[in-house]
Novice: 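There's a structure below that I have some questions on.
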Amino acid sequence: MKVLKQWAELETPFYAYDRQVLHHALQRAKTAAEKRNYHVHYALKANAEANLLQSIVEMGFGADCVSGQEVECAVESGFAAEKIVFAGVGKSDREIRYALENDIYCFNCESLQELEVIDQLAASMGKVARVALRINPDVDPNTHRYITTGLEENKFGINVWQLEETLARLQTLNALQLEGLHFHIGSQITDLSAFRNLCTRVNEIQRWFFDRQIVPNHVNLGGGLGIDYDRPAASDDPDFEAYFSIFERFLEPRPHQSIHFELGRALVGHCGALISKVLYVKPGIKTDFVILDAGMTELIRPALYQAYHRIENLSKSGQPIAPKKYDVVGPICESSDCFGKAVELPQTERGDWVAIHTAGAYGQVMASRYNLRPFVPAVWTD
Ligand code: LLP
């Protein structure tokens with residue numbers, strides 16, 4: 001990556017997004033999905049930057065939302081209402097009403113009580129809500145525990161042992177129509193065997209419904225496909241073909257069932273980097289500190305999940321590695337405000353430009369105003 005001339009005028013830090021990298025990922029995902037007649041809903045939570053959403057709308061993807069604001073953002077960005085799904089364990093009445101007013105495709109429901117509330121609200125509006133049951137399949141995704149969602153101990157979804165009761169109640173709720181089954185086991189999943197295990201569980205659960213003469217119109221397998229943080233902007237990563245082919249081989253859909261996915265990170269992770277400048281270099285005991293003008297307020301993933309992002313000194317590109325390693329940190333008053341420990345970089349000095357790579361997903365969108373810092377802006381390049 002290079003320092004671009006047009007950046008000279010800009011205040012750091014900012015996110016730099018690459019349109020070509022985004023388009024390439026979207027195109028590869030679309031081709032691999034369409035070949036199998038799979039439907040992809042982009043998970044807005046990964047990044048809701050306006051230009052990025054525009055590209056995704058133009059590609060014809062649907063939207064996966066987890067808050068009323070995300071549903072609103074999806075509607076206003078031009079996603080077709082009949083391609084919007086709405087998940088989340090804590091949907092408020094206001095959010096549910098908004099989604100009903102906009103006739104979204106489906107609510108992914110996470111508890112019996114939520115079904116009852118959506119039924120009441122839909123009935124009061126003279127509507128019938130399409131719902132999918134989000135079922136917790138108890139499948140281990142082998143990822144960081146903070147982004148594991150499909151184990152019984154997690155708050156997400158309806159546990160299998162609650163299905164009998166849920167189904168019995170659902171059949172009495174006249175303002176609901178059972179449209180699908182929904183699953184999402186976690187995020188940044190790089191061991192694809194987890195998805196194979198998911199298929200096995202989904203097949204069992206589908207049989208359970210079939211035994212009760214129920215064949216929902218769709219099955220939604222969620223998202224979670226991980227990316228390679230060691231290879232920023234890798235044009236062949238992630239392998240959408242390998243991912244979808246697992247479901248093609250191991251999932252046993254019933255005739256006429258449509259198959260849906262909710263990919264976030266895999267579509268947008270590679271297209272963004274956080275660009276920052278070095279404010280100070282300070283001697284430390286084992287390592288020196290490189291203090292950036294970006295911190296955990298702009299990219300919280302390293303602080304929150306001990307996530308690895310490659311760090312590059314753009315101003316010293318191609319120069320030999322310095323004898324002493326660096327702890328690359330931000331300006332925030334927290335010791336967890338650290339982008340990388342003992343990082344190998346060329347001799348680094350005040351004013352150098354630094355890129356923190358592979359920050360297109362769960363970067364800008366998770367920014368905060370802690371320490372009263374301003375929200376980080378975005379810049380696009382082609
Ligand atoms: N569907 C549901 C119901 C989800 O909860 C999520 C992500 C997705 C789809 C999209 O998953 P993806 O394809 O992006 O893995 N902030 C964390 C990631 C949290 C993911 C939350 N749910 C991070 O920075 O790693």
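We count ligands from 1, going down the list as the structure has it; atoms in each ligand are counted the same way. This is a predicted model, so every value here is computed, not measured.
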Novice: Against the six-membered ring of Tyr105, is Arg130 placed for a cation-pi contact (under 6.0 Å from the centre, within 45° of the normal)?
Specialist: no

Novice: Is any side-chain heavy atom of Phe339 less than 4.5 Å from a side-chain heavy atom of Val290?
Specialist: no

Novice: Can you tell me which residue and heavy atom of the protein come closest to atom 19 (C) of ligand 1, and the distance to 0.1 Å?
Specialist: Ile147 CG2, 3.7 Å

Novice: Number the atoms of ligand 1 from 1 as they appear, then name those within less than 4.0 Å of a heavy atom of Arg134, with their elements.
Specialist: 3 (C)

Novice: Could you tell me, atom by atom, which parts of ligand 1 come under 4.0 Å of a heavy atom of Asp64?
Specialist: 1 (N), 2 (C), 9 (C)

Novice: Tell me whether ligand 1 is touched by Met366 - counting only heavy atoms on the residue side and a distance under 4.0 Å.
Specialist: yes

Novice: Within the 4.0 Å heavy-atom shell around Leu263, which atoms of ligand 1 are there?
Specialist: 13 (O)

Novice: Taking the six-membered ring where the residue is Trp, are the ring centres of Phe61 and Phe79 under 6.0 Å apart?
Specialist: no

Novice: Measure from the side-chain N and O atoms of Ser245 to the backbone N and O of Glu248, and report whether any donor-acceptor pair falls under 3.5 Å.
Specialist: no

Novice: What residue and atom, counting heavy atoms only, is the protein's closest point to atom 24 (O) of ligand 1, and at what distance?
Specialist: Arg301 NE, 2.6 Å

Novice: For ligand 1, find out whether one of its N or O atoms is nearer than 3.5 Å to an N or O atom of Ala43.
Specialist: no

Novice: Who gets closest to atom 25 (O) of ligand 1 by heavy atom: His41, Gln188, Arg265, Lys45?
Specialist: Arg265

Novice: Between Lys83 and His39, is the side-chain contact (heavy atoms from CB on, under 4.5 Å) condition met? List the steps.
Specialist: CA-CA 9 Å; Lys83 290 186 181 176; His39 303 263; over 6 Å; no

Novice: Note the single closest protein heavy atom to atom 15 (O) of ligand 1, along with its residue, its atom name and the distance in Å.
Specialist: Ser187 OG, 2.4 Å

Novice: Any nitrogen or oxygen of Tyr305, side chain or backbone, less than 3.5 Å from one on ligand 1?
Specialist: yes

Novice: Looking at Gln319 and Lys316, would you say the former's side chain and the latter's main chain have a donor-acceptor pair under 3.5 Å?
Specialist: no

Novice: Considering only the protein, which heavy-atom contact is closest to atom 14 (O) of ligand 1, and what is its distance?
Specialist: Tyr362 OH, 2.6 Å

Novice: What orientation do Phe14 and Trp353 show, parallel under 30°, tilted 30 to 60°, or perpendicular over 60°?
Specialist: perpendicular

Novice: Report the nearest protein non-hydrogen atom to atom 1 (N) of ligand 1: residue, atom name, distance rounded to 0.1 Å.
Specialist: Glu262 OE1, 2.6 Å

Novice: Evaluate salt bridge (charged side-chain N to carboxylate O under 4.0 Å, His left out) for Lys155 paired with Glu110, printing each intermediate quantity in order.
Specialist: CA-CA 9 Å; Lys155 68 178 174 181; Glu110 311 226 7; over 6 Å; no

Novice: I'd like to know if the side chain of Tyr17 pairs up with that of Asn47 as donor and acceptor (distance under 3.5 Å, no hydrogens or angles considered).
Specialist: yes

Novice: Counting from 1, what ligand 1 atoms have a heavy atom of Gly264 closer than 4.0 Å?
Specialist: 12 (P), 13 (O), 14 (O)

Novice: Would one find an N or O of Leu225, backbone or side chain, under 3.5 Å from an N or O of ligand 1?
Specialist: no

Novice: Can the positive tip of Arg350 be found less than 6.0 Å from the middle of the six-membered ring of Tyr280, inside 45° of the ring normal?
Specialist: yes

Novice: Check whether NZ of the Lys or CZ of the Arg Arg196 lies under 6.0 Å from the centre of the six-membered ring of Phe250 and within 45 degrees of that ring's axis.
Specialist: yes

Novice: Does ligand 1 have any atom sitting under 4.0 Å from a heavy atom of Gly224?
Specialist: yes

Novice: Heavy-atom contacts with Gly223 under 4.0 Å: which atoms of ligand 1 show up? List them by number with element.
Specialist: 9 (C), 13 (O)

Novice: With a 4.0 Å cut-off on heavy atoms, does Thr149 reach ligand 1?
Specialist: no

